[in-house]
Amino acid sequence: MNRLMRSATRKKREYMIEVALHLFMERGYEQVSVDDIIAATNTSKGTFYHYFKGKDEILREIFRKQIQTISEWAVKTPSQVLSLEGHINRLFLDLASNIQAYPRLVRSLIALSLQNESVKQIEDEQFQLLFDRLLHWLPEPNKVKLLITAYRGTLWMWCSQEEMDLPGLMRSNLAWVWSGLRLEQQESSISVETRQVRPDAAWLAHSAKEEKKMRIAVIGGGLAGLTAAAYLSEQYGVEGVLFERSPQLGGRAFTYEKAGFTLNYGAHAIYGIDRHEISTMERELGLSFSSKQVDKRRVMYAKHDQLTPAPLDFVNLMRTDLLNAMQKVRFVGEITAIIAHIHNVKNYDTLGDYLAHSDADEDVKELWEHLVCSNFFITPEEARKVPGPVISEYYHNLFLSSRPVNYVLGSWAVITNQLRQKIEISGRWELALQEGVESIQYTDRKYQLKTKNREESFDRVIFAMPVQQTCKLLKGTPWEPFLAPYENNTATEVMVYDIGLKRVVARPFSYISDMDNKLFISDVSATDHTLVPEGGQLLQGIAYLSDSFADEQERKDYLEKKTKQMEDLFDHYYPGWRDETAVKRVSKKAMVSSVKNIVTNELLPTRLDHVPFYFCGDGCVGKGELAERAFSSARLVAKAIIEDVKIPARV
């Protein structure tokens, strides 16, 4: 409709639509003619055809509200979405609410769409838009088709039984669909031999009578703290407080929005997601999120100004120019040995020791070094210090993965929001933001925690904060000596250079790694389109940093040099980026992991002899690296507490 249409003209048109819809609902669409509408509105044929090409066009007004609902839903940003499942359910429930008052009309339209091409076209346009917008959030076409089929099936069921509550019916049917999708994910965790799943009997047999509560304190609201609290929030007889000194949850996974761009303090790429701890959490905690794999064919390495495919799989390995034919055969052999768990690297103290004794060509050794730099976010000098067994285990999982590099669509906020929601809806946990713990002591068989606002007693305490901060908090306590081996651990720090561009200036690849200067650029929006406004582009540059300097001036000069190298890389592959920049964020010293996993550091165990606390985080012992170690160590701690106190789990 013309936006410049006069008010009187618009009112006349809207009146005719209102009367026509009333007739459609009363008699059925196919039983109402144009003449009937003209007679009921006391107008002429000329007036009718001035406003409408035919009565089919009036139907578009019915679908207009649905299309508007879909469009408004689609522009939600990741930080506004608590869970993918809830977000998608909200759309279907809103669509159902829009038409709940018109069962006869909807029934008429459904029947008519099977025989009237114009009506079918209008309906197809709506469902195509619905499919496209859902695919934006859930890039798995088969799942999207299943959800839309459930929605349409629910409409048909409701039309045949008008007394049914459409939103209630929709909610019930969607619950069954999501339950089936989760069950499909869980199949891989069911024993093939016994076909047994986790029993429900524990919580069903749980006594309903009031019991003594166990109080647990979680210090730190990053990924580890949220994970531990989420698991424990499912347990009867447990209540607790999660203390976080900053104004927001998520720690280094904190996400914020600026000028339509969603920025993460840390990259939300997940390596080997199908073998990653987050997939286990997805099943056990009922999380719902979607991810998309980085296009392996568009991941490139640059060496001496020459571009070549990164050897992420066999296809890329055959195409890369980093190695000659014989070197490729050698590297394939090394990968095979890693997968089979027979590679010699696990028998060496460090990667450097292995490479020093290896008879491989220098190009193969350099490739190993660069892979470790990329996955551990460290310099080549420190890559050689990574323990051999760590290398063996990490790449065993990664090389076996069918999805080596993925982004969680919508950023870490999609995960942290769900963990937070899970904690809050239990009703037994408090999230204490901007309330850091200042001291801890043992009194009357309880752990007394003091903050600026209160003193409270707890039965168990979980430290889910950087190891260095844990050591600082326990200074002057009886437990300080046992933490001494860990207080000088060094963190993994990088330079992060994010730029949000008003338009796509270039998209030559998804990822470019400068092997000479040890930095890379990810075109994040090429994989995760949810993070940018329409037509925008989000690039993230990362530089691996050395932490060994003679003085402060040398450190500053080094960082300036790295900044210049990063901007030169942007200039080379994304010309014009400076003029199109809408958002820029540069962090010259961003912590990626609180403890660098090299031999001169020591990861903190989740339990220490003679220390009564539990520890989790990316600086603690656990599966994987970076965020995965935060998740895995937190899950281990929560499971240990549950087992320790023998609390029946609510499945």
Side-chain angles (χ1 to χ4, degrees), residues 216-232 240-254 265-266 412 415-416 419-420 423 429-441 447-454 456 458 460-477 479-480 482-493 589-597 601-608 611-622 625-638 640-641:
I216 298 177
V218 177
I219 307 176
L223 292 178
L226 286 169
T227 299
Y231 272 102
L232 291 169
V241 180
L242 186 152
F243 295 97
E244 170 53 49
R245 63 180 182 176
S246 66
Q248 67 279 321
L249 296 169
R252 294 187 298 281
F254 172 62
Y265 272 99
W412 282 122
I415 305 298
T416 57
L419 293 174
R420 175 177 186 158
I423 296 165
W429 278 75
E430 175 190 353
L431 298 175
L433 297 180
Q434 292 184 283
E435 190 170 354
V437 174
E438 298 175 349
S439 66
I440 180 170
Q441 58 182 339
Y447 301 102
Q448 194 80 12
L449 271 62
K450 181 180 179 182
T451 73
K452 62 181 180 181
N453 301 327
R454 57 178 145 174
E456 265 191 64
F458 296 90
R460 300 283 193 280
V461 178
I462 300 172
F463 285 85
M465 55 202 293
V467 173
Q468 298 86 341
Q469 292 179 19
T470 297
C471 294
K472 184 177 180 181
L473 182 57
L474 293 177
K475 282 279 187 185
T477 70
W479 309 291
E480 177 186 355
F482 304 103
L483 273 297
Y486 311 96
E487 62 181 346
N488 293 320
N489 278 336
T490 55
T492 302
E493 294 176 327
K589 197 176 180 183
M591 184 187 292
V592 175
S593 177
S594 63
V595 176
K596 197 178 302 180
N597 200 356
N601 288 331
E602 189 174 353
L603 295 176
L604 179 63
T606 55
R607 296 301 308 272
L608 273 177
V611 179
F613 311 120
Y614 297 81
F615 305 97
C616 59
D618 59 19
C620 296
V621 174
E625 291 297 317
L626 308 176
E628 183 174 20
R629 201 157 61 235
F631 289 133
S632 61
S633 59
R635 179 174 173 271
L636 284 171
V637 161
I641 291 177

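All values reported here derive from a predicted model rather than from experimental measurement. We use all heavy atoms of the structure for the numbers below, so side chains are in, but hydrogens, waters and symmetry mates are not.
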Please name the pair of heavy atoms, one in [X] and one in [Y], separated by the smallest distance, quoted to 0.1 Å.
{"X": "A229", "Y": "I423", "answer": "CB-CD1, 3.6 Å"}
{"X": "S633", "Y": "V621", "answer": "CB-O, 3.5 Å"}
{"X": "R252", "Y": "V592", "answer": "NE-O, 3.7 Å"}
{"X": "G436", "Y": "T451", "answer": "O-CB, 3.4 Å"}
{"X": "A634", "Y": "A224", "answer": "CB-O, 3.2 Å"}
{"X": "I216", "Y": "F458", "answer": "C-CD2, 3.6 Å"}

Item to complete: Take S594 and M591 through the test side-chain contact (heavy atoms from CB on, under 4.5 Å) and record every step on the way to the result.
Response: CA-CA 7 Å; S594 63; M591 184 187 292; 4.0 Å; yes
Discussion item. Any side-chain to backbone donor/acceptor pair from N489 onto N601? Under 3.5 Å, distance only.
Written reply: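 Such a contact is absent between N489 side chain and N601 backbone.
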Item to complete: Return yes if some donor-acceptor pair links the side-chain N/O of R629 with the main-chain N/O of D618 below 3.5 Å, else return no.
Response: yes
Worksheet item: Of the options L433, L226, L232, which is the one that meets L242 in a side-chain contact (heavy atoms from CB on, under 4.5 Å)?
Response: L226
Fill in: Lys/Arg N to Asp/Glu carboxylate O, E430 vs R454, below 4.0 Å
yes
Fill in: Short N-O contact, K475 and E487, less than 4.0 angstrom
yes
Fill in: L608: side chain to side chain contact (heavy atoms under 4.5 Å, CB included) partners, not counting sequence neighbours
L483, Y486, L604, P605, V611, F615
Response to the item:
Taken in chain and number order and not counting sequence neighbours, the residues that satisfy side chain to side chain contact (heavy atoms under 4.5 Å, CB included) with K472 are none
From [X] atom [atom1] to [Y] atom [atom2], the distance as rounded to the nearest 0.5 Å:
{"X": "Q434", "Y": "N453", "atom1": "CD", "atom2": "CG", "value": "10.0 Å"}
{"X": "F463", "Y": "C616", "atom1": "CZ", "atom2": "SG", "value": "11.0 Å"}
{"X": "L473", "Y": "I219", "atom1": "CG", "atom2": "CD1", "value": "5.5 Å"}
{"X": "Y231", "Y": "L419", "atom1": "OH", "atom2": "CG", "value": "9.5 Å"}
{"X": "T416", "Y": "Q248", "atom1": "OG1", "atom2": "CD", "value": "10.5 Å"}

Fill in: Check against side-chain contact (heavy atoms from CB on, under 4.5 Å), V218 and W429
CA-CA 10 Å; V218 177; W429 278 75; 3.9 Å; yes
Fill in: Candidate pair F613 and T470, rule side-chain contact (heavy atoms from CB on, under 4.5 Å), full reasoning
CA-CA 11 Å; F613 311 120; T470 297; over 6 Å; no
Do [X] and [Y] touch side chain to side chain, with heavy atoms closer than 4.5 Å?
{"X": "E244", "Y": "M465", "answer": "no"}
{"X": "W479", "Y": "P612", "answer": "yes"}
{"X": "K452", "Y": "E438", "answer": "yes"}
{"X": "F243", "Y": "L449", "answer": "yes"}

Item to complete: Determine, stepwise, if the pair E480 / C471 fulfils side-chain contact (heavy atoms from CB on, under 4.5 Å).
Response: CA-CA 7 Å; E480 177 186 355; C471 294; over 6 Å; no
Worksheet item: Quick one: side-chain hydrogen bond (donor to acceptor under 3.5 Å, both in side chains) partners of Q468, sequence neighbours excluded?
Response: none
Practice prompt. Mark yes or no: R460 above the aromatic ring of Y447, with NZ or CZ under 6.0 Å from the six-membered ring centre and no more than 45 degrees from the axis.
Written response: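 Because its charged atom misses either the 6.0 Å distance or the 45° angle limit, R460 does not stack over Y447.
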